[in-house]
Amino acid sequence: MADPKGFMTTPRQDWPRRPVGERVRDWDEVYVPGALLPIISKQADRCMDCGIPFCHEACPLGNLIPEWNDLVSREDWRQASDRLHATNNFPEFTGRLCPAPCEAGCVLAINQPAVTIKNVECAIADRAWEEGFAPPRPPDRLSGRTVAVIGSGPTGLAAAQQLTRAGHTVAVYERDDRLGGLMRYGIPAFKMEKHQLERRLEQMRAEGTKFRTSTAVGRDVGTEELRSRYDAVVIATGATAWRELDVPGRELTGVQQAMEYLPLANRVGEGDLDSSPMSAAGKHVVIVGGGDTGADCLGTAVREGAASVTQLDIYAQPGAERDEDAEPWPTYPRIYRLSAAHEEARELGTAPVADADARLFAASTLRFTGDADGRVRALHLVEVDARRQPRPGTERALPADLVLLALGFSGPDRTDGLVDQLGLRLDPRGTIARDASFATEVPGVFVAGDAARGQSLIVWAIAEGRAVAAAVDRHLTGGSHLPAPIGPYDGPLAV
C-alpha cells in the first residue's frame, strides 16, 4: 500500500452527487461529472492491505481489490485496468449498479467507514475507456465450434464475451429490439447512461460476437432449430416473471407492474416515444415494494413530474448500524440506506404522508379502490409487526392514480415457449434446474444467471456468465483456461 496510515488519516469521501434541483430536471447520471478522479487516489490509499482481504470473499467475481487499490493510489491506471478486467468483463456496470457487498466485507468496515471500493472500480473503468486501455480482444484463431447465447443481460454478455475470446463463434439472441436486457429497459439512465452499455457492445462486435435482436427463442426461432445449428446453447434469459399482488382491486386501470412502467420511460430516452403512455406526470403515485426496482420507479416518477410519490416497504425501518448478532461482519447487512432517488424524494417532499424519504416502512397493502370508470384512486394499507401481522387500528388510505408493483421476480418468463419446448425441469422455486457444471438435463444446453439462480445482483450475474463460459468451453474442447469464479450452488456470505 502506498500510504500505510491512509486509513487512519483520510476520511471516507464518496463521489458527490449533483444538486437535487438540477438532476431531477434531466436523465443524466446523478453524480458530478469529473468529481471522482481528483479524490479517488487518496480514497484508494485507505485500503489497509489487510493480509486476508475479505472483500475477495464478499465479491463473487473475486475482484483483486487490494491490488488495484494500490495501483490507483500510485496512479498507475493501465495496470489497475489490467487487474480489474482480469476478473470483471464490465466494471463500469458494477461500479454504478452493484450494491457493493465487497464494501460490507472490507476489514476496515469492522469499526470505520469502508473503503470506497465501488467508486475506485468506477474510476478505473472510466479511465480505461478514456485512455484506450480496453481495446477489443479478438481471438488469435477460431475453434470451429459455435455457441448460441439466449439473452443479452449481464450474464449473457459476459458468457458471450468469454466464449468469443476463447475462439468460439458466438451469437447472442435477444427478444427485445435493443441489447442489454434490464440494463437497457429496466435501469433508468440516471443510474447508468446507455452509452456505457453501447461501447461495450461495440467492443464485443469488434471481437466477433454476433447479435440477433427482436428474436424470441421459442417463438421466432424454434429451440430444436437452434440446437441443430449450434454446438452448445446457453440460456441467460434472467428471471423476468414478476410477482403479483393478489388483493381486491388489482384489476383496476392504473395498477401496473414496475417492469411495465420503467421500459416505457427508457424508451422515451431512446427516442422511441415523445412521452410515456404510463407517465406519472401530475399523478399521485404509490410504489409497492421497498427494493432497488421500487427506488428506480421513485426516481423516474419524480423526473416525470408526479404530484406525489410514496413507497411502501413491508419491512420495519432498519437501523443505521449493523446488527452484529443477526448480520455480523463480513455479511451484507440490512441497514438504512439513502439512494439517490430517496435523497431526491426527501429534499423535494414528494410524500408528505410518508417518512422523510418517501418510504412508509412496515406497511402492507390491503386493497385498491377506484372510481366509476374503473380507474384506481386509492390504496388501502395497514401497519404490520415483525411477523407481518396487521396492527389493529392502523388501516388508512393513500390517494393513488398510479400504483406500481415492484415485488421482485419469481423465475424465467415462460410465454415465449423456450422452457416448454426444451422440456426443461424447473426446481421448486420456479427456476431452471441445472447440475454442478451449469448443464440442464438437455444435452448441450446450459443455464446461468437469474434464470437458474433466481433474482440476484448484477455482480452475481456477471460471475455466472464467466463461470458458465468456462463450463461450455470444457464441454466443447475437453478443457478450459477460462476462469470460473463461482459454482452454481455458491451463495453470498451468510451466517
Side-chain angles (χ1 to χ4, degrees), residues 60 90 93-94 97-99 101 149-160 172-176 179-187 216-219 223 233-246 256-263 266 288-297 332 404-422 424-435 438-442 445-468 486-492:
F90 314 123
F93 300 171
T94 50
L97 303 178
C98 181
V149 176
I150 307 172
S152 66
T155 297
L157 293 180
V172 177
Y173 288 79
E174 170 55 55
R175 65 179 180 179
D176 281 328
L179 299 164
L182 289 181
M183 293 186 295
R184 172 73 67 181
Y185 289 129
I187 300 295
V217 176
R219 185 180 67 227
T223 58
V233 175
V234 176
I235 299 171
T237 54
T240 56
W242 51 59
R243 293 192 177 98
E244 264 297 345
L245 183 62
D246 187 16
Q256 309 289 158
Q257 286 283 348
M259 287 310 300
E260 294 174 310
Y261 169 73
L262 290 171
N266 275 298
V288 183
D292 287 343
T293 302
D296 293 345
C297 291
Y332 189 75
L404 301 173
L405 306 180
L407 301 170
F409 305 92
S410 59
D413 183 4
R414 298 181 62 177
T415 58
D416 291 337
L418 169 65
V419 171
D420 295 330
Q421 287 182 25
L422 285 172
L424 297 172
R425 182 172 62 86
L426 301 181
D427 64 24
R429 301 174 303 155
T431 53
I432 300 173
R434 58 184 177 178
D435 65 15
F438 293 86
T440 70
E441 294 177 347
V442 180
V445 177
F446 297 77
V447 62
D450 290 4
R453 175 172 292 275
Q455 183 179 346
S456 189
L457 306 177
I458 186 171
V459 68
W460 280 91
I462 295 172
E464 287 253 344
R466 291 171 66 87
V468 77
I486 59 171
Y489 310 128
D490 290 338

Go through Leu182 and Met259 one step at a time and tell me if the side-chain contact (heavy atoms from CB on, under 4.5 Å) criterion holds.
CA-CA 9 Å; Leu182 289 181; Met259 287 310 300; 3.4 Å; yes
CA sep, side-chain torsions, deciding dist, call: Glu244, Leu405, side-chain contact (heavy atoms from CB on, under 4.5 Å)
CA-CA 8 Å; Glu244 264 297 345; Leu405 306 180; 4.0 Å; yes
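- Within the 4.5 Å cutoff, no side-chain heavy atoms of Val442 are placed close to those of Thr223.
- Looking only at distances, a side-chain donor or acceptor of Asn266 sits under 3.5 Å from a matching main-chain atom of Tyr185.
- When all heavy atoms are compared, the tightest approach of Glu260 to Gln256 is OE1-NE2, 3.0 Å.
- Judged by distance alone, with hydrogens and angles left aside, the side-chain atoms of Gln455 form a donor-acceptor pair with the main-chain N or O of Phe409 at under 3.5 Å.
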Take Thr240 and Arg175, measure what side-chain contact (heavy atoms from CB on, under 4.5 Å) needs, and give me the verdict at the end.
CA-CA 12 Å; Thr240 56; Arg175 65 179 180 179; 3.6 Å; yes
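- A salt bridge does not link Asp176 with Arg184: none of the charged nitrogens is closer than 4.0 Å to a carboxylate oxygen.
- No side-chain donor-acceptor contact under 3.5 Å links Thr155 to the backbone of Gly465.
- Checking side-chain atoms of Asp416 against main-chain N and O of Leu418 turns up no donor-acceptor pair under 3.5 Å.
- The backbone N or O of Leu179 lies less than 3.5 Å from no partner atom in the side chain of Glu174, so there is not a single donor-acceptor pair.
- Under the 4.5 Å side-chain criterion, counting only non-hydrogen atoms from C-beta, Pro412 is in contact with Ile432.
- Within the 4.5 Å cutoff, side-chain heavy atoms of Arg434 are placed close to those of Arg453.
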